[in-house]
Number of protein chains: 2
Amino acid sequence: MNNIVIVDDHPIVIEGLSTLLQANEALQVVATFTAGQAFLSFLPGAGFIDIVLLDITLPDISGVEVCKQIKKTSPETKVLIISNHNERSIILQMLQQGASGYLLKNASSEELVRCVHDVLDGKVAFSAEVMAIMTRPLQNEPKATPHLTKREKQVLSMIAAGRTSASIAEELCVSQFTVETHRRNLMQKFEAGNTAALIRMAAEQQLL
Amino acid sequence: MNNIVIVDDHPIVIEGLSTLLQANEALQVVATFTAGQAFLSFLPGAGFIDIVLLDITLPDISGVEVCKQIKKTSPETKVLIISNHNERSIILQMLQQGASGYLLKNASSEELVRCVHDVLDGKVAFSAEVMAIMTRPLQNEPKATPHLTKREKQVLSMIAAGRTSASIAEELCVSQFTVETHRRNLMQKFEAGNTAALIRMAAEQQLL
DNA sequence: CAAAATATACTGGAAAACCAGTAGAAAAGA
DNA sequence: TCTTTTCTACTGGTTTTCCAGTATATTTTG
């Protein structure tokens, strides 16, 4: 009997997952959470958990962080990501944090159950669509979400709000040259040729 | 006994919704679809449908269009939107197309059932979070997603891809002045002061 | 404490965007 | 067929971004 925990901010999704999995005698949903922190508080006192079905977008902390903490606290617990994010960079980031599987929320019931079993069997599992994303040729994609410093995030946010470099400099009490250097660094990190591409990519990676 | 149809691109969500609603004796899920066109083909030959639970993001056509067609074909059929989109402009657009209710996918089971009943009773129903969005003071929000011409959409997409006006002009076989005029019109429609704000807003409204 | 990372700031210049206006042709709609 | 909308293109100019480099100070990390 495999113990399953579900962490997703959508109660309807939790309901759907529970219903699908409970139909399988070998699987038992032992707890569900709609927030990451509540789950992390639950984790140390929990019995053994075979697998966690984990969303990335949670209301309090990121699924990335939750995955990291799961792997730190219970290395044998498998993590299967179920998300709406279909960017290769995010998929790779989750795998790097120790997730054993990834599927999109539009996956079929059969795919879900297959992935759960594959992950429990010690394999890495993807739904068909994620497999297609992972295998298509790389084309102008950043390899991963770039690491941004605190100041860079601040400047990026203000750029996206439509502010000019002069206006940002005034508010942050720095020189316009400083802001221009931050912009340049941001463009290099995202491999963007201009501000439009920068903002689009940042939006795609949920950084705004 | 109320007949319900569910249209959502996520099978897991369909499963969750079905499970929650079937527990209510007055409600019966008579059909489910993961694509808009399949549902629209089904609609004319269907018996009476009291309410359709409809997502906005579908793989083939937009939930906006589906809603419009439902209201044209079966004006008495109620539409309750269940979506991840929390922008006021999108909510208003759905209401304008005849939807009677709107809730986000993070709504609780109780809220879902309450909204279904309220809509069946002839009321307009929102989940608490949507209600909060609808009642908060307007702040720098475009009133609705602006109407874009075919050419404007094309230019917007190319701007977002990082192209310069000169490069766009070359590919579209028009003058750079023409592209600049399109940019200006786009900025006016979105009430954006520069390209960064334009692209951010377009991304927010799922236009990219 | 040293190394690395981050933040800051400047030069000199070119490229691109933004501005506010004007105006005609073509396509679409009533 | 007329009106409206969309697309096209230009003027003359200012503002802003982008470029490639250099360099120092501060903070963080090992």
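These numbers come from a predicted model, not from an experiment. Per chain, numbering begins at 1; letters A, B, ... match sequence-line order.
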Handout entry: Within residues 175-183 of chain B, residues whose heavy atoms come under 4.0 Å of DNA chain C
Key = B:Glu180, B:Arg183

Length of the line joining [X]:[atom1] and [N]:[atom2], which is rounded to integer Å:
X: B:Lys153; N: D:dT6; atom1: NZ; atom2: C1'; answer: 13 Å
X: A:Ile199; N: C:dA17; atom1: CD1; atom2: P; answer: 15 Å
X: A:Glu152; N: C:dA7; atom1: CD; atom2: P; answer: 6 Å
X: B:Gln188; N: D:dC7; atom1: CD; atom2: P; answer: 15 Å
X: A:Met187; N: D:dT17; atom1: CE; atom2: P; answer: 11 Å
X: B:Ile168; N: D:dC7; atom1: CD1; atom2: C1'; answer: 15 Å
X: A:Leu172; N: C:dA9; atom1: CG; atom2: C1'; answer: 15 Å
X: B:Lys150; N: D:dT5; atom1: NZ; atom2: C1'; answer: 15 Å

Exercise for the section: State whether a side-chain donor-acceptor pair under 3.5 Å links A:Thr178 with A:Arg151. Expected result: no

Handout entry: Residue pair A:Lys189 / A:His147, side-chain donor-acceptor N/O under 3.5 Å
Key = no

Candidate nucleotides [options], ranked by approach to the side chain of [X] - the nearest:
X: A:His147; options: D:dT16, C:dT6, D:dC19; value: C:dT6
X: B:Arg151; options: C:dC19, D:dC18, D:dT8; value: D:dT8
X: B:Val174; options: D:dT8, C:dG21, D:dC18; value: D:dT8

Handout entry: OP1 or OP2 of C:dT6 under 4.0 Å from side-chain N/O of A:Thr149
Key = no

Exercise for the section: Would you tell me if any nitrogen or oxygen in the side chain of A:Ser165 comes within less than 4.0 Å of OP1 or OP2 on D:dT16? Expected result: no

Practice task
Answer yes or no: is there a side-chain heavy-atom contact under 4.5 Å between A:Gln37 and A:Ile61?
Solution key: yes

Practice task
Please tell me if the side chains of A:Leu156 and A:Ile199 come closer than 4.5 Å, counting only heavy atoms from C-beta onward.
Solution key: yes

Exercise for the section: Could you tell me whether A:Lys105 and A:Asp8 make a salt bridge, using a distance below 4.0 angstrom between a side-chain N and a carboxylate O? Expected result: yes

Exercise for the section: Scan A:Asn185 against the nucleic acid and name what it touches under 4.0 Å (heavy atoms): base, sugar-phosphate only, or nothing. Expected result: nothing

Practice task
Without swapping roles, check the side chain of A:Glu152 against the backbone of A:Thr149 for a donor-acceptor pair under 3.5 Å.
Solution key: yes

Practice task
Identify, between A:Arg184 and A:Ala166, the residue whose nearest nucleotide on DNA chain D lies closer to the 5' end.
Solution key: A:Ala166

Completion exercise
Taken in chain and number order and not counting sequence neighbours, the residues that satisfy side-chain hydrogen bond (donor to acceptor under 3.5 Å, both in side chains) with A:Ser108 are A:Glu110

